[in-house]
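Every value quoted in this text rests on a predicted model; they were computed, and no experiment measured them. In what follows, chains are A, B, ... by sequence order, proteins preceding strands, each numbered from 1.
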Number of protein chains: 2
Amino acid sequence: MNESTADRLVTAAAKLLEDGVDAVTLRAVAKLVGLSHNAPYKHFKDRSALLAAVAERDFLLLKNAFDHARRTSRSPLAALKTGIAAFIAYGREHPARYRLMFSDPELVSQGGAMEARAMEAFQAFGALVADCQATGSFPATDTKALTALIYSSLHGLIDLELGGRARESKGLGSIEAMSALLLELLSQNRILSGTRSLD
Amino acid sequence: MNESTADRLVTAAAKLLEDGVDAVTLRAVAKLVGLSHNAPYKHFKDRSALLAAVAERDFLLLKNAFDHARRTSRSPLAALKTGIAAFIAYGREHPARYRLMFSDPELVSQGGAMEARAMEAFQAFGALVADCQATGSFPATDTKALTALIYSSLHGLIDLELGGRARESKGLGSIEAMSALLLELLSQNRILSGTRSLD
DNA sequence: ACCTGAACACCGTTCAAGT
DNA sequence: ACCTGAACACCGTTCAAGT
């Protein structure tokens with residue numbers, strides 16, 4: 001079973017993305033696959049649709065990394081930490097692809113398959129969090145809310161580092177230290193189980 | 001004292017940014033100011049430099065919002081909450097300008113004046129956090145680290161909402177609820193003052 | 001169904017020239 | 001010092017045509 005032309009276009013686009021999103025021109029993608037400069041239009045509606053397909057594939061990779069961490073770790077907390085490490089590593093190794101998935105204005109609310117994969121990745125991460133709650137490592141707050149807080153915070157740390165806004169001078173030297181701090185905060189807190197109002 | 005041509009170009013670019021970063025073509029900017037399509041080059045090195053100037057101005061606005069919150073609120077915690085609310089409101093009202101400041105790959109590590117303003121905004125936010133620590137509302141951890149954690153988490157929440165990745169279905173419905181949850185976690189935790197190792 | 005080549009409108013950037 | 005107009009290379013997208 002050979003790779004379809006569409007798949008090869010996505011692979012080529014992902015490869016070019018390593019040089020930044022601007023490097024992904026339809027002409028360059030087509031050339032890399034060995035087709036004429038407008039052949040991509042027979043497989044994708046436009047440039048955005050091709051980029052969405054790359055993000056879709058990457059969300060699946062992320063989901064798989066989370067699932068793998070869950071299956072192979074010896075404790076829920078260890079699994080979560082492995083998942084977080086994979087998330088961070090992904091952002092560092094593929095910054096443009098990471099930004100495409102999470103921060104690209106073109107791909108906003110495109111719905112479709114990419115959105116579905118994005119949600120599956122989020123849910124796989126949520127399973128890691130739920131496991132930590134089940135063993136009492138984390139407070140028994142609403143799982144979705146807790147997952148969302150950790151997931152967003154992690155994204156913020158990664159995104160600021162990618163943008164160069166996280167330098168030692170700002171105290172943002174290590175994402176790892178920051179996320180560990182966050183987990184520590186969560187592990188030691190027991191009050192969230194009850195009602196949730198402060199003000 | 002009239003606005004300089006450079007200032008008018010920045011203002012025009014900021015205005016066009018409301019329609020997305022792609023709407024900011026040098027030709028459109030020049031036209032809005034009433035100049036020929038390449039007049040901007042006499043004031044800015046290239047398109048990136050003009051966008052950086054917009055971000056620079058916006059970081060100053062953000063810093064001023066933080067400073068204002070600090071001066072006008074009746075308690076450190078109230079000041080921090082006001083600052084956070086301003087941060088969130090800014091992201092929602094000017095998504096493209098927000099993304100330009102924090103997540104634009106073109107403006108990475110450009111150094112220069114924008115980087116300086118970005119740090120001033122971060123430091124102004126840090127003053128709000130430090131005040132909360134001084135009154136015992138927050139643990140006496142390293143202020144920069146604590147500031148960075150809150151700042152990044154907040155950014156992550158805002159960025160994911162702007163990207164449409166924060167829907168009710170994911171439990172990310174309200175940035176306000178999430179940031180309140182984070183502050184609650186911080187307020188109730190006292191252990192961070194001591195040594196910081198978990199694993 | 002899938003691909004090609006020509007063409008269009010648009011853009012960032014450079015350059016020679018004007019005042 | 002600041003601005004203009006022409007020009008270049010490049011890009012997304014469309015269309016008519018081929019197999």
Any donor-acceptor pair under 3.5 Å linking the side-chain atoms of B:Thr5 with those of B:Asp7?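 No - no donor-acceptor pair under 3.5 Å links their side chains.
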
Answer with yes or no whether the side chains of B:Tyr90 and B:Asp58 bring together a donor and an acceptor at under 3.5 Å. yes

Which dot-bracket string describes DNA chain C (Watson-Crick N1-N3 plus N6-O4 or O6-N4, or G-U N1-O2 and O6-N3, all under 3.5 Å; [ ] crossing; | other strand)? ||.|||||...|||||.||

Residue-phosphate contact under 4.0 Å: A:Thr5 side-chain N/O, C:dC3 OP1/OP2: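 So the side chain of A:Thr5 is within the cut-off, an N or O lying under 4.0 Å from OP1 or OP2 of C:dC3.
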
Short side-chain N/O contact from B:His43 to OP1 or OP2 of D:dC3, under 4.0 Å: yes

Ring centres under 6.0 angstrom apart (A:Phe102, A:Phe87):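 Yes, they do, as the ring centres are separated by less than 6.0 Å.
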
Establish, yes or no, whether a centroid distance under 6.0 Å links the rings of B:Phe59 and B:Phe122. no

Is there a path of hydrophobic side-chain contacts, each under 4.5 Å between heavy atoms, that joins A:Ile88 and B:Tyr151?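 Hydrophobic grouping puts A:Ile88 with B:Tyr151.
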
Can B:Asp67 and B:Arg71 be said to form a salt bridge (charged side-chain N to carboxylate O under 4.0 Å, His left out), step by step? CA-CA 6 Å; B:Asp67 286 344; B:Arg71 274 186 282 100; 6.0 Å; no

Report, as a single string ordered 5' to 3', how protein heavy atoms within less than 4.0 Å touch nucleotides 7-19 of chain D: B base, S sugar-phosphate only, - not at all. B---BBBBB----

Do you know which two heavy atoms are closest between B:Ala69 and B:Gly83, and how far apart they sit? CB-N, 3.9 Å

Not counting sequence neighbours, which residues clear side-chain contact (heavy atoms from CB on, under 4.5 Å) with B:Ala28? List them please. B:Leu16, B:Thr25

